[in-house]
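Order of appearance sets the numbers: ligands from 1, and atoms from 1 within every ligand. Computation of the quantities below employed the complete heavy-atom set of this structure, encompassing side-chain atoms and omitting hydrogens, waters and symmetry-equivalent molecules.
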Amino acid sequence: MKPPNIPLIDLGRQHASLERELMAEISDVVRVSAFVGGMQVSSFEAEFADFCGAKNCVGVANGTDAIMLSLMALGIGEGDEVITTACSFFATAEAISRVGAKPIFCDIDPKTANIDPRLIERYITSATKAIIPVHLYGQPADMKNILRIARSNGLFVVEDCAQAAGARYADKRIGTLGDVGCFSFYPTKNLGGWGDGGAIVTSDPNLAMLCREIASHGGLEKYQHRVVGFNSRLDGIQAAVLRVKLRHLNEWNLQRQAIATDYLRLLGSAQVEHLQCIDGVEHVYHLYVLRLAQRDSIVASMRQKGLGVDVHYPYALPFVEAYKRHGYIQGDFPEAYRHSTSALSLPIFPLMHADEVQRVVEELLASIEGCAGRLEKIN
Ligand SMILES: *Cc1c(COP(=O)(O)O)cnc(C)c1O
């Protein structure tokens with residue numbers, strides 16, 4: 001009999017254990033008809049600010065808007081440049097382009113797959129206004145060096161925290177190190193809603209207020225539109241779900257870390273290249289990513305066996321279709337390019353069983369052997 005499939009992430013498992021609690025909170029939203037904003041949203045904002053150790057939290061419609069709104073509130077737009085990593089989900093660069101600024105990509109440190117601070121300064125021009133480090137896969141970027149460069153050049157730091165809710169850098173939660181932290185609550189993120197959602201955290205109350213205004217048609221009082229904003233609000237049902245799930249985030253992140261430790265131990269250095277953690281960070285393993293040769297054949301072989309592996313991401317940002325016109329070549333971003341051709345994400349999610357981890361490892365080792373064998377025959 002074929003063993004059951006193992007998906008990249010199984011949300012059903014965490015929801016099964018919380019269904020009653022979740023439905024009760026949602027009924028509450030329905031009872032008072034607080035569908036956009038309202039009690040659940042303000043409670044969640046206060047609880048999430050507290051969780052992060054931030055003074056202010058503004059709930060918004062999604063993580064991409066969180067970045068866009070932050071840039072707008074910082075006065076960044078047409079004619080400005082924003083430096084970010086060459087390796088992230090498209091939304092990081094999209095938000096920069098969407099406010100009219102130009103994304104300037106920086107190559108990654110091959111050890112971590114995060115932006116390489118040693119390269120940032122060469123991209124700073126008189127038009128540079130901000131740096132957006134991404135805490136990719138759940139690992140905090142090298143904030144000490146990023147903040148040092150930002151301070152000495154008068155740049156803002158907007159943290160893309162979409163993949164790293166709960167991660168810590170030098171004992172502080174990510175999102176509180178730079179000027180603004182931007183979170184996504186897309187369902188598969190470490191803290192995910194039952195739909196789209198996002199948040200901005202900042203210690204600056206004026207910046208928080210401005211974000212809140214921009215996200216609410218440019219004003220908080222009815223028919224008083226101080227600026228041209230847009231509509232990007234967190235809804236009550238998402239806030240209700242997020243409040244329940246936030247209470248479990250630490251425990252779920254610990255489970256992700258335990259699975260990552262198992263992957264590292266069971267796979268060893270068997271023909272795979274693990275990413276490394278920098279000192280003083282707590283990685284929350286949104287994804288477990290490693291590098292290997294014959295990546296595409298191994299993806300195909302694993303999927304055939306019912307194992308939900310994936311690739312994050314098959315194109316480095318400078319090479320996505322939308323940015324082709326910038327005319328970058330592989331040699332401009334050698335590490336991000338190599339990563340895009342060799343990275344593989346293994347299944348990881350809270351409540352994943354130890355025997356599932358074991359099976360992913362066994363099948364991966366078998367696939368590596370199989371693909372190496374095939375290659376020898378072809379040659
Ligand atoms: C998910 C994600 C986003 C965007 O979040 P949405 O809520 O989907 O808009 C931005 N940056 C990174 C790194 C992400 O993973």
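Contact check on Arg359 versus Glu356 returns no salt bridge, with no Lys/Arg side-chain nitrogen under 4.0 Å from an Asp/Glu carboxylate oxygen. In this structure, Asp171 does not pair ionically with Arg168, as no charged nitrogen and carboxylate oxygen lie closer than 4.0 Å.
Every pair tested for salt bridge (Lys or Arg N to Asp or Glu O under 4.0 Å) that includes a residue from residues 90-105 fails, sequence neighbours excluded, so the list is empty.
For Pro140 against Gly138, the heavy-atom pair with the smallest separation is CD-O, 3.5 Å.
Residue Asn62 approaches ligand 1 through these ligand atoms, each under 4.0 Å from one of its heavy atoms: 7 (O), 9 (O). Numbered from 1 in the order shown, with element, the atoms of ligand 1 that lie under 4.0 Å from a heavy atom of Ala91 read 3 (C), 4 (C), 10 (C). Interface atoms of ligand 1 facing Ser88, defined by a heavy-atom separation under 4.0 Å, are 13 (C). Within the listing of ligand 1, atoms 5 (O), 6 (P), 7 (O), 9 (O) sit less than 4.0 angstrom from a heavy atom of Gly63.
For atom 9 (O) of ligand 1, the closest heavy atom belonging to the protein is Thr64 OG1, 2.5 Å. Scanning the protein heavy atoms around atom 14 (C) of ligand 1, the nearest turns out to be Lys189 NZ, 3.1 Å. Residue, atom and distance of the protein heavy atom nearest to atom 8 (O) of ligand 1 are Ser184 OG, 4.0 Å.
The shortest N or O to N or O distance between Gln163 and ligand 1 is below 3.5 Å.
Under the side-chain contact (heavy atoms from CB on, under 4.5 Å) criterion, Ala215 pairs with Val60, Leu69, Ser232, sequence neighbours left out.
Residue contacts with ligand 1 for Asp160 involve side-chain atoms from C-beta outward but no N, CA, C or O (heavy atoms, distance under 4.0 Å). With a heavy-atom cut-off of 4.0 Å, Val134 touches ligand 1 through its side chain alone.
Taken to the nearest 0.5 Å, the CD1 atom of Ile76 stands 6.0 Å off from the CZ atom of Phe156. In this structure, CD1 on Ile6 lies 11.5 Å from NZ on Lys305, to the nearest 0.5 angstrom.
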